[in-house]
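Encoded as structure tokens, the structure appears first; notes follow it.
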Amino acid sequence: MSVSAHPFRRYMRNHVTRTTTCPGCGNGIITQAILRAIDELGLDMDDFIFVSGIGCSAWIPSPLFAADTLHTTHGRPIAFATGIKLCLPEKNILVASGDGDLAAIGGNHLIHAARRNIDMTVVLVNNGIYGMTGGQTAPTTPRGLTTITSPHGTLEHTFDICAMVAAAGASYVTRWTTYHPRQMTRSIKKAIVKKGFALVEAISQCPVQFGRAAKLGKAVDMLKHFKENSIRIDKARNLDEEALKGKIVVGEFVDIEKAELASEWARLKQEVMEV
Amino acid sequence: MKADPKGVLTGSHFLDGDHACAEGALAAGCRFFGGYPITPSTEVAERFSQRCPLVEAIFIQMEDELGSLAAVIGAAWTGRKAMTVTSGPGFSLMMEHIGLAAMLETPLVLANVQRGGPSTGLPTLTGQADMMQARWGSHGDYEIIAVSPNSPQETFDFTIKAFNLSERYRVPVLVMLDECVGHMTEKVVIPPADEIEIEPRRYYKGPKDKYLPFKPDKDLVPPMVDAGSGTRFHVTGLTHDYRGYPVMSADCQEELVRRLVNKIRKNADHIVEYEEEQTDGADVVVISYGITSRVALRAVDLARQEGIKVGILRLIVVWPFPEKRIRELAGKVKAFVMPEINYGQMVLEVDRCACGRAEVALVPHGGGWVHDPEDILHTIRQAAKGKGVGKGVIEYPRKKRG
């Protein structure tokens with residue numbers, strides 16, 4: 001019997017043979033998008049340090065990727081990554097974690113890393129719910145949705161993470177869904193290459209928790225939902241709030257060049273040396 | 001190994017404890033500082049912000065204390081010596097990451113310039129009420145090391161000691177200052193770099209693909225590697241095996257956590273440090289630390305003038321606690337007197353070690369100022385009678401003042 005291996009298996013640790021994700025989870029698509037981006041850029045895993053927090057999507061790089069992988073505390077991977085990037089400016093730092101981790105408990109680190117425009121790629125997997133803990137409402141949960149902790153429907157408004165990170169000053173901000181793996185891969189490539197803070201918000205399906213709560217069916221049904229309800233940013237710009245209700249605006253929101261923190265430190269050191 | 005001269009400001013200086021802490025760290029080779037401003041510790045950060053570019057170190061003011069210690073742990077894994085500093089509320093916010101640093105066996109230094117608490121408490125005034133929090137503040141079982149300086153000179157010296165201990169045992173080390181020590185200005189002599197002993201990081205030297213981040217050496221401490229050096233290691237706050245991979249089992253928990261506590265407990269004889277004076281033949285031994293140890297000297301002088309046989313034991317390393325020595329002394333003295341700027345923290349350790357064989361008298365102080373030596377003296381006089389043996393921690397009513 002011949003055994004064929006996935007072309008990206010070589011980016012994974014040999015002895016890690018299982019993932020922690022549920023059947024139908026979007027993590028697999030996002031994992032592929034990340035590894036394909038690295039592969040297409042011709043980069044080596046030793047060029048990267050992966051940092052993740054707590055929650056389902058924090059397990060994308062950890063311990064799967066054959067690289068330095070740091071699995072840290074809930075909400076703080078960006079703060080850890082900040083310390084690492086400043087000390088190892090030549091490395092690519094990639095943070096992969098969820099919406100609860102990076103936008104709820106760790107929201108402040110997300111804001112300030114974007115403000116500092118420190119060079120790192122943040123793949124924020126947004127499944128609109130707390131999956132690992134059993135389907136509790138998140139800041140990203142659509143308003144009105146019934147979840148384990150919002151049995152009467154959420155009363156709160158839904159967080160627009162890309163708008164917040166753009167406002168905070170990031171160099172690159174983009175959103176795709178797991179229905180858009182090619183676009184997502186292209187954006188992750190741009191994010192890795194971008195000298196500055198780069199956010200890739202990956203809207204992802206959680207059929208087990210979100211799918212059940214929202215009665216959206218199984219993974220394939222959720223992907224169809226993403227397909228039917230996604231709208232490109234250039235089209236969305238001409239639509240009013242009512243027309244955008246329930247839509248997922250995808251595309252590149254920010255793509256600019258501006259001073260980056262680790263480089264600014266290098267410049268400061270150079271200036272001090274010359275004095 | 002000797003200190004890197006780049007960070008050593010050799011000479012005689014007039015510095016406060018906060019500035020001395022920063023200089024001690026730079027002399028020890030600290031090249032990353034992440035912090036958040038909080039009184040009365042801010043001057044440490046201020047000094048770092050000025051000095052860092054000059055010594056090729058990184059300074060970053062983070063958005064909060066959680067981020068500060070997170071950035072420090074991240075930096076420490078790149079091979080840099082790293083520290084943060086805080087006080088009161090910021091110390092509380094750092095607790096989760098003290099646990100992670102203990103779990104990932106990350107060498108780093110955290111200075112806490114203690115102020116009065118609880119909550120916002122007395123931001124500008126002194127306290128010593130975070131001593132138990134230093135030991136037990138993060139959830140779960142772990143051990144840390146803490147040192148307590150009583151002068152700017154000691155703050156310089158002990159910050160170096162803290163870095164050395166953190167590298168030696170791969171553990172976060174806390175420098176427990178108090179506001180008085182942090183803000184008092186005294187002479188600080190910084191020796192030449194070649195007179196400062198530095199503990200180098202214990203690096204793994206085997207083949208890159210064979211590195212096991214948590215496989216300990218004989219002394220229970222595992223060697224380290226730097227992130228980005230090609231060993232492709234994994235670390236996690238989850239209970240993990242030698243490889244660093246999560247293992248959710250009671251067996252793995254037993255092996256890992258027992259080692260985390262044992263690497264300090266079994267090495268305690270090498271870590272524990274205290275200063276003792278005239279404890280032979282003493283009826284009363286005054287135990288103290290930090291600024292209180294200097295106030296206690298006055299009370300001890302006065303008591304000796306009254307003919308009371310008083311010895312002194314001053315804690316230098318506060319955690320691990322010198323339990324062996326306290327147990328020995330408990331069989332010889334009538335009483336221990338412990339002044340501290342809290343309502344009884346380290347005195348609980350003294351009582352535990354006294355085992356009911358000597359009286360244990362606390363001289364508490366709520367914070368905001370140091371003790372009146374008269375209050376300590378008053379307790380020494382009562383304790384010399386040794387009538388409180390076996391009664392647990394006792395307090396004598398304060399002497400009425402005219």
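To find a chain, count down the sequence lines: A is the first, B the second, and so on, and within it residues start at 1. What you are looking at is a predicted structure, and each value in this text was computed from that prediction instead of being measured.
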A:Ala67, part contacting chain B, at a heavy-atom distance under 4.5 Å: backbone
Heavy-atom pair with the smallest gap, counting every atom of B:Gly67 and A:Ala79: CA-CB, 3.6 Å
Which atoms of B:Leu100 approach chain A - backbone, side chain, both or neither, heavy atom under 4.5 Å: side chain
Portion of B:Phe32 that has a non-hydrogen atom of chain A nearer than 4.5 angstrom: side chain
Residues of residues 11-22 of chain A near chain B, each having a heavy atom less than 4.5 Å away: A:Arg13, A:His15
Over 12 non-hydrogen atoms of neighbours within 6.0 angstrom of OH in B:Tyr36: no
Heavy-atom contact with chain A under 4.5 Å, split by part of B:Val72: neither
Least distance between heavy atoms, A:Asp68 atom then B:Ser229 atom: OD2-N, 4.1 Å
Over 12 non-hydrogen atoms of neighbours within 6.0 angstrom of NE2 in B:His139: no
Any A:Ser62 side-chain heavy atom under 4.5 Å of B:Tyr245 side chain: no
Proximal component of B:Leu104, with respect to chain A [non-hydrogen, under 4.5 Å]: neither
Residues of residues 85-119 of chain A within contact distance of chain B, non-hydrogen under 4.5 Å: A:Leu86, A:Cys87, A:Leu88, A:Lys91, A:Asn108, A:His109, A:His112, A:Arg116
Structural part of B:Thr231 lying under 4.5 Å from a heavy atom of chain A: both
N/O donor-acceptor pair under 3.5 Å between B:His234 side chain and A:Thr69 backbone: yes
Audit row: B:His97, A:Thr73, side chain to side chain contact (heavy atoms under 4.5 Å, CB included) steps and yes/no: CA-CA 8 Å; B:His97 287 158; A:Thr73 50; 2.5 Å; yes
Taking every non-hydrogen atom, the tightest pair across A:Trp265 and B:Phe59: CZ2-O, 2.8 Å
Crowding at NZ, A:Lys258 (>12 non-hydrogen neighbours, <6.0 Å): yes
Positions in residues 34-56 of chain A that reach chain B, provided some heavy atom is under 4.5 Å away: A:Asp44, A:Met45, A:Asp46, A:Ile49
Minimal non-hydrogen separation, B:Ala57 against A:Lys269, with atom names: O-CE, 4.0 Å
Report, one line per pair, each donor and acceptor closer than 3.5 Å where one atom sits in a side chain of residues 73-85 of chain B; sequence neighbours left out.
residue: B:Trp77; atom: NE1; partner: B:Thr106; partner atom: OG1; Å: 2.9
residue: B:Thr78; atom: OG1; partner: B:Ala75; partner atom: O; Å: 2.6
residue: B:Arg80; atom: NH1; partner: B:Arg31; partner atom: O; Å: 3.0
residue: B:Arg80; atom: NH1; partner: B:Glu56; partner atom: O; Å: 3.3
residue: B:Lys81; atom: NZ; partner: B:Ala28; partner atom: O; Å: 3.2
residue: B:Lys81; atom: NZ; partner: B:Glu199; partner atom: O; Å: 3.3
residue: B:Thr84; atom: OG1; partner: B:Gly34; partner atom: O; Å: 2.6

Spacing of A:Ile78 atom CD1 and B:Glu63 atom CD [to the nearest 0.5 Å]: 9.0 Å
Interface moiety of A:Leu261 toward chain B, non-hydrogen atoms closer than 4.5 Å: side chain
Contacting moiety of A:Leu70, where chain B heavy atoms sit under 4.5 Å: both
